[in-house]
Number of protein chains: 2
Amino acid sequence: MGVRAQQKEKTRRALVDAAFNQLSAERSFSSLSLREVAREAGIAPTSFYRHFKDMNELGLTMVDEGGLTLRQMMRKGRQRAEAGGSVIRISVDTFMEVLESNPNVFRILLHERSGTSAAFRAAVEREIEHFISELTHYTEAHANRHPTLARAQAEALVTLVFNAGASALDLKRSERKQLADQLVLHLRIVATGAEALQHKMDLKAERHV
Amino acid sequence: MGVRAQQKEKTRRALVDAAFNQLSAERSFSSLSLREVAREAGIAPTSFYRHFKDMNELGLTMVDEGGLTLRQMMRKGRQRAEAGGSVIRISVDTFMEVLESNPNVFRILLHERSGTSAAFRAAVEREIEHFISELTHYTEAHANRHPTLARAQAEALVTLVFNAGASALDLKRSERKQLADQLVLHLRIVATGAEALQHKMDLKAERHV
DNA sequence: TAAATTAGCTTACATATGTACGCTCAATTA
DNA sequence: TAATTGAGCGTACATATGTAAGCTAATTTA
């Protein structure tokens, strides 16, 4: 890559980073301004257009990047669980750690999920679908679940986790621990319920043999 | 109430209604402007201040009103369920109907829940807490659940329902029906799981007698 | 080396916003 | 009836925004 392309890439990163950096509990993506982002990235407002068509394009980039980051971290967490211990507990703990170290990554997903741009909502749904899909496969493999049930279980689990994440953003560390315990219980309820329904299905199937 | 106070009340309503009316999939509360709301309500921008300190105060009013509306409608639905039939099914159907007839009421709750104002987030949490609380009591009474478990079950149920509501806003009626079925399955998983865990607890308790 | 490309800059403009200030006049109170 | 109150109005201003137009200078290409 030539000197010029490198510099461009660097500026582009500066823009993305500036935008992520300006997110907070009090500031959502849609409230960021092109001028302010450009200012923090150290370029003139109009130079922004050399990198993105408009703020939306920047935002969608952030959602994609954010989703990817999150999934990578969760995958690492699942690897940790392979070593033994409760998958639920370890996953929840991983999730909370990720949340703590990347709150803004989570924020944009969370907020834009119920945001005002259909494109954003779709992008976030896509990321969540990835989570659900990965978890469905995992469950089918490890718990020998019927596909429909595995899918429903994964949907419920991901929903509950994301939701807890949303609440966690507002909490201090101590309260967050409590929330994590609560979440673990919710997840166990779901896992237990899916297990029980699976048994019922199996019994019915036997009777028909 | 005097003529004057009546007129004032009427204008206030016009403001609230205008604001609700301007909400849409593409327009969140925080993107509404004082001027535009006043315009639709038929008063001068500056007259707005005769009724609300600022837009935030209007918004919080809307959240309170919205939460109340929603709860009233859900209670009616539960009454319908008393006549017989699956509580889950009937509640989900009620919820979907409410959603269809009052999408904007739901929108503000949904959006501001992950919004940028702590006051709004707290207000929405308060409304959701009402839902959870009502449902916890219902479950304790009708299913003889241990309090902790009843609470956790209610939390999970409400989370799943709200979440499905969020997705439903974007869908056409036919797809919505499908989503409702999905949601019913999720709720059954939770109910079954809570039931199973309750049994386990009961057995353990017996052993200790 | 000469020509072409392009990231970034400066200047400029139109637009929308929140809200301060002070007036009017109909309803209320005394 | 005379005095007070207050909902609503018009005017005005400071500010922030997105972005169009055209220039500069360094890198890349031929």
Side-chain angles (χ1 to χ4, degrees), chain A residues 1-24 26-62 108 111-112 115-120, chain B residues 1-24 26-62 108 111-112 115-120:
Chain A
M1 194 161 53
V3 177
R4 197 167 191 157
Q6 272 181 19
Q7 178 51 39
K8 180 166 188 181
E9 181 54 33
K10 212 169 152 188
T11 304
R12 188 190 146 101
R13 262 256 63 80
L15 284 169
V16 174
D17 290 346
F20 264 121
N21 195 42
Q22 289 180 9
L23 293 180
S24 74
E26 296 78 30
R27 210 107 154 62
S28 70
F29 174 76
S30 57
S31 80
L32 301 186
S33 87
L34 182 153
R35 290 176 100 104
E36 213 173 336
V37 169
R39 206 176 301 139
E40 178 165 338
I43 63 171
T46 48
S47 302
F48 178 94
Y49 298 104
R50 301 290 185 194
H51 302 272
F52 300 99
K53 187 175 136 277
D54 52 25
M55 282 295 281
N56 266 359
E57 200 173 290
L58 205 210
L60 291 174
T61 301
M62 291 167 76
I108 193 168
H111 189 91
E112 297 310 325
T116 52
S117 151
F120 273 73
Chain B
M1 191 162 54
V3 177
R4 197 168 190 154
Q6 272 181 18
Q7 176 52 38
K8 179 165 189 183
E9 180 54 33
K10 211 169 150 187
T11 304
R12 188 189 148 101
R13 262 258 64 80
L15 284 169
V16 174
D17 289 346
F20 265 121
N21 195 41
Q22 289 181 9
L23 293 179
S24 73
E26 295 78 28
R27 209 107 155 59
S28 70
F29 174 76
S30 57
S31 80
L32 302 187
S33 87
L34 182 154
R35 291 176 98 104
E36 212 172 338
V37 169
R39 206 176 300 140
E40 178 164 337
I43 63 171
T46 48
S47 302
F48 178 94
Y49 298 103
R50 301 291 185 191
H51 302 272
F52 300 99
K53 187 175 137 278
D54 53 24
M55 282 295 282
N56 265 359
E57 200 173 290
L58 206 209
L60 290 174
T61 301
M62 291 168 75
I108 193 168
H111 189 91
E112 298 311 325
T116 53
S117 152
F120 273 72

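Each chain gets a letter, A, B and so on, in the order its sequence line appears, and its residues count up from 1.
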Practice prompt. On DNA chain C, check which nucleotide each of Ser33(B) and Arg4(B) is closest to and give me the residue with the more 5' one.
Written response: Ser33(B)
Discussion item. In this structure, how many angstroms lie between the P atom of dT17(C) and the CE atom of Met55(B), rounded?
Written reply: 10 Å
Discussion item. Can you measure Phe48(A) atom CZ to dT19(D) atom P for me and round it to whole angstrom units?
Written reply: 9 Å
Worksheet item: Between Ser47(A) and dC9(C), is there a side-chain N or O to OP1/OP2 distance below 4.0 Å?
Response: yes
Worksheet item: Could you give the CD-to-P distance, from Gln7(A) to dA26(D), as a whole number of Å?
Response: 13 Å
Discussion item. Let me confirm one number: the CD-CE distance from Glu112(A) to Met62(A), rounded to the nearest 0.5 Å.
Written reply: 9.0 Å
Worksheet item: What is the distance, rounded to the nearest whole Å, between atom CD1 of Ile43(A) and atom P of dT10(C)?
Response: 12 Å
Worksheet item: Asn56(B) CG to dT19(C) C1': how many Å, rounded?
Response: 15 Å
Worksheet item: Going by an N to O cut-off under 4.0 Å, is there a salt bridge joining Glu36(B) and Arg27(B)?
Response: yes
Worksheet entry | Point-to-point distance, once rounded to the nearest 0.5 Å, from OH of Tyr49(B) to CD of Glu57(B) | 12.0 Å
Discussion item. Can you measure Gln6(B) atom CD to dG8(D) atom C1' for me and round it to whole angstrom units?
Written reply: 18 Å
Discussion item. Of the options dG18(C), dT17(D), dT27(D), whose atoms approach the side-chain atoms of Tyr49(B) most closely?
Written reply: dG18(C)
Worksheet item: Taking the side chain of Leu34(B) as its heavy atoms from C-beta onward, which of dG8(D), dT17(D), dT19(C) lies nearest to it?
Response: dT19(C)
Discussion item. Rounded to whole Å, how long is the line connecting atom CG of Asp54(A) with atom C1' of dA20(D)?
Written reply: 15 Å
Discussion item. Let me spell it out: for each of Met1(B) and Arg39(B), pick the nucleotide of DNA chain C with the closest heavy atom. Which residue's pick is nearer the 5' end?
Written reply: Arg39(B)
Fill in: Nucleotide nearest Arg50(A) when distance is taken to its side chain, options dG22(D), dG18(D), dT10(C)
dG22(D)
Worksheet, complete the sentence: Here the distance between atom P of dG18(C) and atom CZ of Phe52(B), to the nearest Å, is 15 Å
Item to complete: Assess whether one donor atom and one acceptor atom, taken from the side chain of Arg35(B) and the base of dT19(C), lie less than 3.5 Å apart.
Response: yes
Response to the item:
In this structure, CD of Gln22(A) is separated from CG of Leu32(A) (nearest 0.5 Å) by 5.5 Å
Worksheet entry | Side-chain-base donor-acceptor pair under 3.5 Å for Thr46(B) and dG10(D) | yes
Worksheet entry | Straight-line distance of Ile43(A) CD1 to Phe48(A) CZ, nearest 0.5 Å | 8.0 Å
